[in-house]
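As structure tokens, the structure follows; a few thoughts come after it.
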Amino acid sequence: MRRSTGLLLVSVLGISATACGSGEPAAPTAGGAKAVTITVACQPAKSAPKERQAWDDDVAAFMKAHPGVTVKSTDQQPCFDPKTFGPKLAGGQMETVFVVPVTNYDDVIGQGQALDVTQYTGAVKNWNDLRSDVRELVTRDGKVYGVPNVHYSVGLVYNRALFTKAGLDPNTPPKTWAEVREAARKIAALGPGYVGYGEYSGGNTGGWHFTQAIYGRGGAILTPDNKKAAFNSPEGKAVLQNLHDMRWVDNSMGNKLLVGWESLMMAMGSGKVGMMLGAPDVVTDVVNKFKGNVADYGITGFPEARASLSGGEAFMINPKATPEEARAGLEWVGFRFNTVGKGRFDFARGKANGNPVGVPDNDVYGDSATGKAIRADRVKNASLPVQNYEPYVQAAAAIPPKAEPVHAQELYAILDVVMSGVLSRKDASIDQLLADAETKANSMLAAKG
């Protein structure tokens with residue numbers, strides 16, 4: 001759930017992709033090669049003019065370096081939207097290059113909705129430097145169906161300025177849930193409108209964050225065979241009891257129910273929310289999209305973590321793409337998203353644009369030569385003190401990653417009810433909420449087979 005995308009996942013079972021173009025043969029260029037036009041997803045919105053201009057500049061540079069290739073961008077935000085993804089596939093409107101969250105890889109690949117791009121991976125020049133475990137996620141039976149774009153694990157994002165204002169040391173962020181609770185109380189005590197700890201309650205984001213929290217406590221959402229719910233457990237009850245106590249005993253969580261992904265991001269950007277669970281890209285989004293102060297945010301390890309939710313996304317190619325379109329699409333992905341010092345890794349440009357450079361927001365390359373070069377360039381051009389994120393870097397390296405459960409979105413919708421119940425009703429029965437959710441989840445799992 002990128003990322004921000006990891007929050008907006010849908011099942012696409014039963015939807016078939018259709019052609020992404022007219023189907024007519026491409027005209028030859030002056031040099032004799034076929035001209036080709038590709039459509040690509042994820043152009044930044046007009047509300048982020050500097051990021052959009054950087055994208056457009058990259059499109060122009062790419063087309064100059066690839067004569068005969070025309071790139072057309074779509075700026076749907078977020079670029080994976082559950083309300084439009086299915087209809088776009090069914091209606092033949094899906095881009096040549098589109099994004100799929102990790103929880104939907106199986107559905108998209110299994111239903112033939114992504115092209116086998118094995119023969120084109122050489123278009124991504126540092127393909128072999130991508131982490132092998134991340135590449136494996138887009139591989140089925142030895143065939144490759146996408147280029148991993150994002151890989152992350154969850155930590156605790158916090159507002160360093162609020163910590164200082166509340167008399168807390170921003171250089172020693174909480175390591176335990178007891179410390180989180182105490183820090184949240186002090187931040188909420190700053191006055192009306194201040195929230196010590198923010199949490200989601202709906203829009204599938206509530207269930208997503210419940211999953212993060214139960215993983216951190218060593219619990220599980222499903223049994224090992226994925227046939228039964230496993231969240232009605234001591235760990236699940238501990239997650240909800242902690243939230244209940246922070247909400248109703250400490251009054252440190254505010255009184256607004258935060259539903260969609262943007263709601264908590266906007267609250268963080270306002271400068272009045274102290275802490276939340278999230279991946280490092282939360283800082284980037286809070287600053288770029290929701291006008292947070294670039295110097296205010298830090299990230300630390302997941303409190304008391306026994307495991308951390310990991311997630312991500314990949315670029316995939318429309319299965320109706322021609323060989324020329326597929327190769328051009330992979331060359332675009334390689335150029336914009338996988339080149340040291342270019343595209344999204346042009347940290348010097350990001351710094352000049354006022355972006356929060358220095359956040360360790362992606363780990364698709366690990367300790368490979370490319371990964372090391374990216375990290376060195378990020379530090380060289382950092383606009384933020386990288387030591388603010390070192391607690392997260394150290395913790396993430398030691399905490400085992402754990403993938404999202406199968407049928408994640410259906411489960412998250414069920415668990416939204418649990419989160420909403422605890423955060424909206426002081427007298428809500430945690431045992432009853434979990435029992436009801438367990439019944440619903442088991443029925444859904446049985447129906448899925």
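For the single chain, residues carry numbers from 1 onward in sequence order.
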(message) Can you list everything that forms a side-chain contact (heavy atoms from CB on, under 4.5 Å) with V379? Sequence neighbours excluded, please.
(response) V386
(request) Output all residues satisfying side-chain contact (heavy atoms from CB on, under 4.5 Å) with A220, sequence neighbours left out; order by chain, then residue number. (result) A230, K402
(message) Any carboxylate oxygen within less than 4.0 angstrom of a Lys/Arg side-chain nitrogen, looking at D133 and R131?
(response) yes
(request) Check whether the side chains of Y215 and E235 place a donor and an acceptor atom closer than 3.5 Å, and report yes or no. (result) no
(request) Compare all side-chain heavy atoms of Y297 with those of R160 and state whether any distance is below 4.5 angstrom. (result) no
(request) Just grab all the salt bridge (charged side-chain N to carboxylate O under 4.0 Å, His left out) pairs involving residues 426-442, residues at least two apart or on different chains. (result) K237-D431
(request) Output every pair passing side-chain hydrogen bond (donor to acceptor under 3.5 Å, both in side chains) with a member in residues 181-196, not counting sequence neighbours, ordered by first then second residue. (result) K165-Y194, R181-D250, E182-R185, R185-D250
(message) Can you confirm whether the side chains of Y365 and N126 place a donor and an acceptor under 3.5 Å from each other?
(response) yes
(request) May I have all residue pairs that pass salt bridge (charged side-chain N to carboxylate O under 4.0 Å, His left out) and include part of residues 366-386, sequence neighbours excluded? (result) D367-R375
(request) Run the salt-bridge test on K88 and E95 with the 4.0 Å N-O cut-off and return the result as yes or no. (result) yes
(message) Considering only residues two or more places apart or on different chains, which pairs with a residue in residues 48-60 satisfy salt bridge (charged side-chain N to carboxylate O under 4.0 Å, His left out)?
(response) R52-D75, D58-R336, D58-R349
(request) Identify the two heavy atoms, one from I414 and one from A437, that lie closest to each other, and give their separation to 0.1 Å. (result) CG2-O, 3.6 Å
(message) Checking W55 now: which residues fulfil ring pair (Phe, Tyr, Trp, His ring centres under 6.0 Å) with it, not counting sequence neighbours?
(response) W332
(request) Could you tell me whether the side chains of N255 and R247 share a donor-acceptor contact shorter than 3.5 Å? (result) no
(request) Applying side-chain contact (heavy atoms from CB on, under 4.5 Å), name anything that partners A183, two or more places apart in sequence or on another chain. (result) F163, L168, P174, M275
(request) For L222 and P405, work out which heavy atoms get closest and say how close. (result) CD1-CB, 4.1 Å
(request) Decide, yes or no, whether a salt bridge links D285 with K289 under the criterion of side-chain N to carboxylate O below 4.0 Å. (result) yes
(request) Not counting sequence neighbours, which residues clear ring pair (Phe, Tyr, Trp, His ring centres under 6.0 Å) with Y389? List them please. (result) none
Quiz: residues 301-310 side-chain donor-acceptor pairs under 3.5 angstrom, not counting sequence neighbours:
| unit_1 | atom_1 | unit_2 | atom_2 | d |
| --- | --- | --- | --- | --- |
| E304 | OE2 | W177 | N | 2.7 |
| S308 | OG | V154 | N | 2.9 |
| S308 | OG | V154 | O | 3.0 |

(message) Surrounding CE of M444 (heavy atoms of other residues, nucleotides or ligands, distance under 6.0 Å), is the total greater than 12?
(response) yes
(message) Can you list everything that forms a ring pair (Phe, Tyr, Trp, His ring centres under 6.0 Å) with F98? Sequence neighbours excluded, please.
(response) none
(message) Enumerate the side-chain hydrogen bond (donor to acceptor under 3.5 Å, both in side chains) contacts for residues 268-277, please, sequence neighbours excluded, ordered by first and then second residue.
(response) none
